[in-house]
Amino acid sequence: MKIPPVKGTRDFYPQDMAVRNWIIDGWKKVSVRNGFEEYDGPIFEYLKMFQLKSGDEIVEQLFSLKDRGGRDLAIRPEITPTLARMVNQKINSLPRPIKWFSVPRLCRAERPQRGRLREFFQWNIDIIGVEDGLKKNLADAEVIFTTVDYLRKVGLTDKDIKVKISSREVLANYLRSLDVPEDKLEPIYVVLDKKNKLPSETFEQMLGEQVPDNKIVNKIVDFMSVDSIPQLEELVKIKSESGEYSAYLDIKMVLDNLTMMGIKDFCVYDPSIVRGLAYYTGIVFEVHDTAGELRAICGGGRYDNLLRDFGGPAIPATGMGMGDCVLEILLREKGLLKPEPRELDYFVACIGFIGEEAWRIVAKLRSMGYSAAFSYKAGNLSKQLKEASAQKAEKCIIIGQEEIEEGKIKVKDMATGQQKKIDEDKFFEELKSESK
RNA sequence: GUGAGAGUAGCUCAGCUGGUUAGAGCACUGGAUUGUGGAUCCAGGGGUCGCGGGUUCGAAUCCCGUCUUUCACCCCA
């Protein structure tokens with residue numbers, strides 16, 4: 001009986017595993033060089049933890065189970081609640097700011113599509129506990145910088161991708177300044193989030209369903225067509241009369257910081273970034289491919305209320321999550337996927353029925369820290385060299401009757417094809433001195 | 001969850017409006033080649049044509065169901 005893989009999951013054969021490791025190693029390396037420390041949590045949590053933040057509808061979108069004690073559990077669909085829990089548990093003893101990263105394996109019971117599977121990996125970085133107003137903007141910028149630092153490192157340029165940055169707070173304040181009632185904000189967000197997917201008439205029509213006044217609709221459309229900070233300044237200056245100015249300053253300063261960090265060309269102000277109904281409270285951003293063919297590569301933003309919502313103190317936080325699926329598609333399309341091939345220092349080939357000799361040398365090489373392999377098939381030399389080539393061996397050691405009698409081995413450089421005969425003892429002596 | 005397209009060897013696909021024993025390239029295994037690799041040539045293994053049912057003398061081909069997958073919705077924490 002043949003059992004197929006579960007819908008929306010992937011099998012990682014060695015070749016695929018090399019790609020996965022290459023991506024994840026890059027994430028980890030960039031996290032570390034940007035000053036983040038790695039953490040992880042359990043792969044399942046109490047179901048309640050995910051309901052707390054996102055409501056009951058979410059239960060349909062995650063894999064849940066009952067354990068033998070009747071506890072309702074769920075496989076994690078994201079790691080941010082776990083992060084909040086872990087941070088809250090030790091909040092009084094953790095030095096701030098807390099700069100942590102993780103690469104959790106996550107599951108969501110959604111319908112699989114291009115760039116979206118039911119099981120995937122997601123790079124998460126978060127900065128928690130930067131309270132000062134100005135430095136908060138620096139933390140937001142650092143999260144974006146770290147994100148771009150990775151994308152740039154793997155070879156993507158500002159021609160390939162853009163970080164689209166916006167602010168929920170600026171948007172909310174603007175809508176309030178137009179006397180849009182509080183209970184209309186959320187439904188309007190939903191419409192604004194679709195702006196880029198819809199023809200402009202449909203978009204305006206949908207807005208009109210939420211806001212009866214045509215003048216206001218036009219003003220919202222004006223706001224949404226702003227694509228630079230000076231323009232935004234004009235608009236917001238006129239519209240905001242009391243203390244609503246600070247939210248605008250936040251986004252301006254984040255962009256100033258990004259300019260100072262040298263990644264200005266990757267970043268644009270884009271008011272259409274709203275990010276669904278998430279827990280974001282301020283700056284929000286997404287990275288998109290400039291061709292607009294794929295869904296978002298990553299998303300993030302400021303979530304100042306989350307720790308408090310999880311029963312901890314009100315400590316501000318900002319972060320980013322990047323899944324592996326869309327990223328891999330984009331990198332593959334751009335020819336930037338370059339997993340490092342397995343390296344093999346030595347392949348030991350033997351002639352005739354003297355396999356024991358080959359194994360003895362392989363074992364010696366391995367004990368000294370070199371990677372070494374031999375052939376289980378032990379065909380003729382031609383076959384073994386072929387196998388060595390296929391395994392990308394850097395060097396080949398050849399031993400036959402002649403060499404054994406002389407106490408020597410032949411060492412062949414597979415790139416140049418040159419080979420020399422050398423005393424076995426001498427060969428290992430030289431290896432030792434090289435490794436020191 | 002809703003709607004549409006696709007499913008033939010490990011992979012990419014051919015197989016005409018139903019008609020003998022379902023093919024090719026790549027990959028894999030072996031040989032040419034028992035002391036010198038990446039090439040070439042030759043040979044071989046590998047298929048319940050996604051699965052189940054139906055129509056028919058006869059189904060990879062037509063019909064229904066189902067699973068998987070792709071795309072568009074919903075959603076995207």
Side-chain angles (χ1 to χ4, degrees), chain A residues 1-11 13 15-16 45 49-62 74-84 104 106-118 120 122 124 190 193-194 197-198 273-280 284 286 293-301 303 306 309 319-321 323 325-326 329 344 347 349-354 375 377-404 409-419 421:
Chain A
M1 186 183 180
K2 234 190 205 169
I3 298 175
V6 173
K7 181 193 186 97
T9 63
R10 289 171 289 180
D11 292 329
Y13 289 88
Q15 222 181 337
D16 312 304
E45 295 272 5
M49 187 157 92
F50 301 113
Q51 289 171 307
L52 188 67
K53 192 186 74 183
S54 317
D56 285 340
E57 328 79 70
I58 246 62
V59 176
E60 319 229 323
Q61 307 240 34
L62 46 74
I75 300 175
R76 61 186 178 189
E78 59 171 332
I79 201 171
T80 311
T82 302
L83 172 68
L106 307 177
C107 293
R108 297 177 187 175
E110 295 175 298
R111 183 160 220 165
Q113 275 178 46
R114 180 173 158 87
R116 189 166 81 179
L117 298 170
R118 289 185 160 187
F120 56 97
Q122 192 185 61
N124 281 253
V190 175
D193 197 43
K194 294 181 201 295
K197 284 190 194 168
L198 299 171
I273 301 301
V274 182
R275 296 214 34 87
L277 304 169
Y279 44 78
Y280 294 104
V284 285
E286 286 177 1
E293 280 166 5
L294 303 169
R295 56 184 71 242
I297 298 159
C298 73
Y303 52 97
L306 190 70
D309 293 346
M320 183 283 301
C325 301
V326 175
I329 292 169
L344 183 62
F347 187 97
C350 58
I351 300 151
F353 298 94
I354 47 173
S375 176
K377 292 170 213 158
N380 57 38
L381 182 58
S382 177
K383 286 275 175 206
Q384 292 183 59
L385 285 173
K386 202 171 196 169
E387 201 176 329
S389 288
Q391 294 195 24
K392 307 239 178 339
E394 206 172 293
K395 287 176 180 164
C396 213
I397 288 175
I398 301 166
I399 47 173
Q401 204 53 48
E402 189 188 315
E403 285 79 10
I404 290 171
I409 59 172
K410 256 184 194 161
V411 181
K412 183 184 178 79
D413 184 304
M414 295 301 277
T416 64
Q418 287 179 335
Q419 60 182 19
K421 210 192 259 182

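Hydrogens, waters and symmetry mates play no part in the numbers below; they use all other heavy atoms, side chains included. Chain letters run A, B, ... following the sequence lines, proteins first and then strands; every chain starts at 1.
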If you measure only the distance, is there a donor-acceptor pair under 3.5 Å linking the side chains of A/Ser375 and A/Gln384? no

Integer-rounded Å distance: B/rA77 C1' and A/Tyr280 OH: 8 Å

Ignoring hydrogens, what is the shortest heavy-atom contact between A/Lys7 and A/Pro112? Give both atom names and the distance. CE-CD, 3.9 Å

Taking CD from A/Glu402 and P from B/rU36, how many angstroms apart are they, rounded to a whole number? 12 Å

Assign a letter to each nucleotide of nucleotides 65-75 of chain B from its 5' end: B, base within under 4.0 Å of a protein heavy atom; S, sugar-phosphate only; -, no contact. ---SSSS-BBB

Flag side-chain contact, heavy atom, 4.5 Å: A/Leu62 against A/Ile75: no

If you go through the side-chain atoms of A/Arg108, does one of them form a donor-acceptor pair with the base of B/rA77 closer than 3.5 Å? yes

Pairwise side-chain contact, A/Arg108 with A/Glu78, heavy-atom cut-off 4.5 Å (strictly under): yes

Which one, B/rA77, B/rG38, B/rU36, comes nearest to the side chain of A/Ser389? B/rG38

For nucleotides B/rG10 and B/rC49, find the distance between their P atoms and express it as a whole number of Å. 12 Å

Could you give the distance separating B/rC57 and B/rC13 at their P atoms, to the nearest angstrom? 37 Å

If you look at every strand shown and take non-hydrogen atoms under 4.0 Å, does A/Gly417 touch a base, only sugar-phosphate, or nothing? base

How close or far is atom C1' of B/rG35 from atom CD1 of A/Ile351, stated in whole angstroms? 4 Å

When the C1' atoms of B/rU8 and B/rA4 are compared, how many Å lie between them, rounded to an integer? 23 Å

Could you tell me which residues satisfy ring-ring contact (aromatic ring centres under 6.0 Å, His included) with A/Phe347, sequence neighbours excluded, listed by chain and number? none

Base, sugar-phosphate or nothing for A/Ile398? Non-hydrogen atoms, less than 4.0 Å. base

Any side-chain heavy-atom pair of A/Met414 and A/Ser389 under 4.5 Å: yes

salt_bridge(A/Glu110, A/Arg118) N-O dist < 4.0 Å: no

Starting from P on B/rC76, measure out to CD on A/Glu286 and report it in whole angstrom. 12 Å

Looking across every strand, which nucleic acid part, if any, lies under 4.0 Å from A/Glu403 by heavy atom: base, sugar-phosphate, or nothing? base

Rounding to the closest angstrom, what is the interatomic distance between B/rA6 and B/rA59 at atom P? 23 Å

Would you say A/Asp11 and A/Asp16 make side-chain contact, with heavy atoms under 4.5 Å? no

Every protein N/O within reach of nucleotides 44-47 of chain B N/O, cut-off under 3.5 Å:
none

For atom CG of A/Asp16 and atom P of B/rC11, their distance in whole Å: 12 Å

Donor-acceptor pair under 3.5 Å: do we get one between A/Glu387's side chain and the base of B/rG38? no

So, the side chain of A/Asp413 versus the backbone of A/Val411: is there a donor-acceptor pair under 3.5 Å, distance only? no

Atom CG of A/Leu52 and atom P of B/rA77: how far apart are they, to the nearest Å? 17 Å

Please state whether the base of B/rU36 and the side chain of A/Gln419 form at least one donor-acceptor pair under 3.5 Å? yes

Along RNA chain B (nearest heavy atom to each residue), the more 5'-positioned of A/Ala109 and A/Ala415: A/Ala415

Atom CD1 of A/Ile397 and atom C1' of B/rG35: how far apart are they, to the nearest Å? 16 Å

Symbol by symbol from the 5' end, with Watson-Crick or G-U pairs under 3.5 Å, [ ] crossing and | another strand, RNA chain B is (((((((..((((.....[...)))).(((((.......))))).....(((((..]....))))))))))))....

Polar-atom pairs under 3.5 Å, protein N or O versus N or O of nucleotides 27-33 of chain B: list them with distances, or write none.
none

Whole angstrom is fine here: how far is it from CG in A/Leu62 over to C1' in B/rA77? 10 Å

Please name all residues satisfying side-chain hydrogen bond (donor to acceptor under 3.5 Å, both in side chains) with A/Lys421, sequence neighbours left out, ordered by chain then number. A/Glu402, A/Glu406

Is there a donor-acceptor pair under 3.5 Å between the side chain of A/Gln391 and the backbone N or O of A/Ala388? no

Between B/rU17 and B/rC76, how far apart are the P atoms? Round to whole Å, please. 45 Å

Minimal non-hydrogen separation, A/Gly8 against A/Leu117, with atom names: O-CB, 3.4 Å

